[in-house]
Protein chains: 2
Amino acid sequence: MSPRPSLTETRRTEILAATSATIADRGLCETRIADIADHIGASPALILYYFPSKAALLTEALVYQDQVFHDAVKGELDRAGSAAAKLAILIEASCPKASRGDGEPDGWVLWPAAWEMSRHDPTLAAARARLDESWRNQISAVVEEGIADGEFDDIDSSDFAIQLAALLDGLAIEVMLRDPTVDAARMRTLAIAFVEMALNTRV
Amino acid sequence: MSPRPSLTETRRTEILAATSATIADRGLCETRIADIADHIGASPALILYYFPSKAALLTEALVYQDQVFHDAVKGELDRAGSAAAKLAILIEASCPKASRGDGEPDGWVLWPAAWEMSRHDPTLAAARARLDESWRNQISAVVEEGIADGEFDDIDSSDFAIQLAALLDGLAIEVMLRDPTVDAARMRTLAIAFVEMALNTRV
DNA sequence: CCCTACCCTGAATGGTCGTTCAATTAGCGA
DNA sequence: TCGCTAATTGAACGACCATTCAGGGTAGGG
């Protein structure tokens with residue numbers, strides 16, 4: 001809300017990012033406040049200075065990471081041309097990247113944690129439902145655009161959006177868990193094949 | 001190994017089932033040994049009498065539940081006629097059932113927990129990969145059968161298996177999390193639509 | 001009716017955190 | 001430079017919980 005983020009806001013997002021990283025690294029159940037504090041070189045007490053409790057922090061961190069992912073994709077989408085190109089971007093964004101030793105861990109590993117927590121955390125559940133809906137709407141919009149341009153066959157864009165979103169989730173799980181038969185390349189191929197079949201187009 | 005299950009074996013599976021139920025009910029992180037013990041009306045010490053540690057118990061319980069699910073589907077498949085009917089069974093088995101107040105909770109809610117744990121538990125990861133492979137192989141086999149019978153178009157059954165398995169996983173996640181736009185009925189419809197489109201058949 | 005092996009438990013134990021708080025430091029406007 | 005507020009922390013507290021263990025029940029064989 002404030003024009004420039006206060007130090008408080010900066011610190012809060014820093015902690016949220018550290019929390020996401022720690023969950024990604026150690027797993028949801030093994031994440032301790034001390035681990036998060038270590039990650040930013042601060043004391044455990046500082047974490048509780050910015051957040052009311054560990055539970056609230058975990059919830060906010062997963063909501064935050066979710067939002068970051070969606071915002072990133074939305075940004076990329078605007079830079080694309082044809083509807084087909086936009087679908088390619090959506091697919092690419094859904095592929096878990098091989099975790100690199102260097103920077104941030106891939107946000108994908110947080111999804112199972114978010115799903116697991118959503119079952120008992122109404123706040124997180126609501127955020128997840130909202131962002132998933134928005135994600136499907138983005139797919140629908142691209143499809144409608146392609147249909148209007150004559151790029152795609154005239155199909156039900158809502159049904160397609162649910163199918164593609166589900167397909168990408170399911171494939172991404174396998175890739176993330178390093179299933180030997182489904183790597184990122186195979187995921188890309190199979191997702192594109194589905195799109196081409198459903199929309200009768202080339203991606 | 002022993003011809004008739006010893007009391008020990010009975011007790012062990014009873015505890016594994018109780019553990020699954022507790023994880024389903026309270027969530028992975030909130031599952032305590034005392035909760036599991038309560039579930040079967042025993043003391044916490046008994047749990048550790050049959051399992052070396054809580055971590056080992058959680059791993060075994062998730063592997064067990066996984067196995068139970070796959071065995072159940074395999075059993076149902078054998079009672080089906082046409083390849084199309086078998087696909088319908090696979091789809092139906094993948095739909096999370098609305099949790100009933102009465103009996104067992106639906107096993108689907110354990111998947112996110114299994115995925116989350118797999119990331120750090122090699123035993124569970126291996127079991128999961130093996131059973132997923134077997135699940136896809138079942139799909140492939142049905143498709144091959146349908147192709148041989150002329151029921152289905154001649155497509156790559158491995159690719160199809162990965163796609164259908166992923167689609168079902170992704171849809172099931174939404175259903176399980178009670179997403180307002182994807183309930184079990186919608187899931188069924190969309191999965192069947194995919195199958196019909198890909199195989200050029202009626203289910 | 002004892003004996004023995006197996007089940008099972010109640011009651012400690014020990015450690016691990018989340019959380020609190022009083023005290024210290026750093027920033028900054030006057 | 002002096003205060004005032006916000007940021008930060010070390011240390012302590014207390015709860016919770018996995019795990020251990022010494023012993024009590026119990027069933028079945030001798």
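What you are looking at is a predicted structure, and each value in this text was computed from that prediction instead of being measured. The chains referred to below are lettered A, B, ... by the order of the sequence lines, with proteins before strands, and numbering in each begins at 1.
- As rounded to whole Å, 15 Å separates atom P of dA18(D) from atom CZ of F51(B).
- The residues R186(A) and E174(A) are annotated as not salt-bridged, no charged nitrogen and carboxylate oxygen being separated by less than 4.0 angstrom.
- Contact annotation: T8(B) side-chain N/O to dC7(C) OP1/OP2 distance is under 4.0 Å.
- Note on residues 61-86 of chain A: pairs passing salt bridge (charged side-chain N to carboxylate O under 4.0 Å, His left out), not counting sequence neighbours, are K86(A)-E145(A).
- Every residue two or more places apart in sequence or in another chain was checked for a side-chain hydrogen bond (donor to acceptor under 3.5 Å, both in side chains) with Q163(A), and none qualifies.
- A straight line from CG of D38(B) to P of dA18(D) spans 12 Å, rounded to a whole angstrom.
- Put simply, CD1 on I36(B) is 12 Å from C1' on dC17(D), counting in whole angstrom units.
- Dashed line: the shortest gap from a side-chain N or O of R11(A) to OP1 or OP2 of dA6(D) is not under 4.0 Å.
- Rounded to an integer number of Å, the gap from R12(B) CZ to dC8(C) C1' is 17 Å.
- The side-chain hydrogen bond (donor to acceptor under 3.5 Å, both in side chains) check on R26(B) picks up D35(B), with sequence neighbours excluded.
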TODO: Mark up nucleotides 15-23 of chain C, 5' to 3', with B wherever a protein heavy atom is under 4.0 angstrom from a base atom, S wherever such an atom reaches only the sugar-phosphate, and - elsewhere.
DONE: --SSSBB--
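- Contact annotation: Y49(B) does not reach the phosphate of dC8(C) (side-chain N/O to OP1 or OP2, under 4.0 Å).
- Here S157(B) pairs with E144(B) under the side-chain hydrogen bond (donor to acceptor under 3.5 Å, both in side chains) rule; sequence neighbours left out.
- Of the candidate nucleotides dT8(D), dT9(D), dT9(C), dT9(C) has the atom lying nearest to any side-chain atom of L46(B).
- For the pair Y50(B) OH and dT19(D) C1', the interatomic distance rounds to 18 Å; values are reported in whole Å.
- Among residues two or more places apart in sequence or in another chain, the side-chain contact (heavy atoms from CB on, under 4.5 Å) test is passed with A125(B) by S118(B).
- The separation between I40(A) atom CD1 and dA7(D) atom P is 14 Å, rounded to whole Å.
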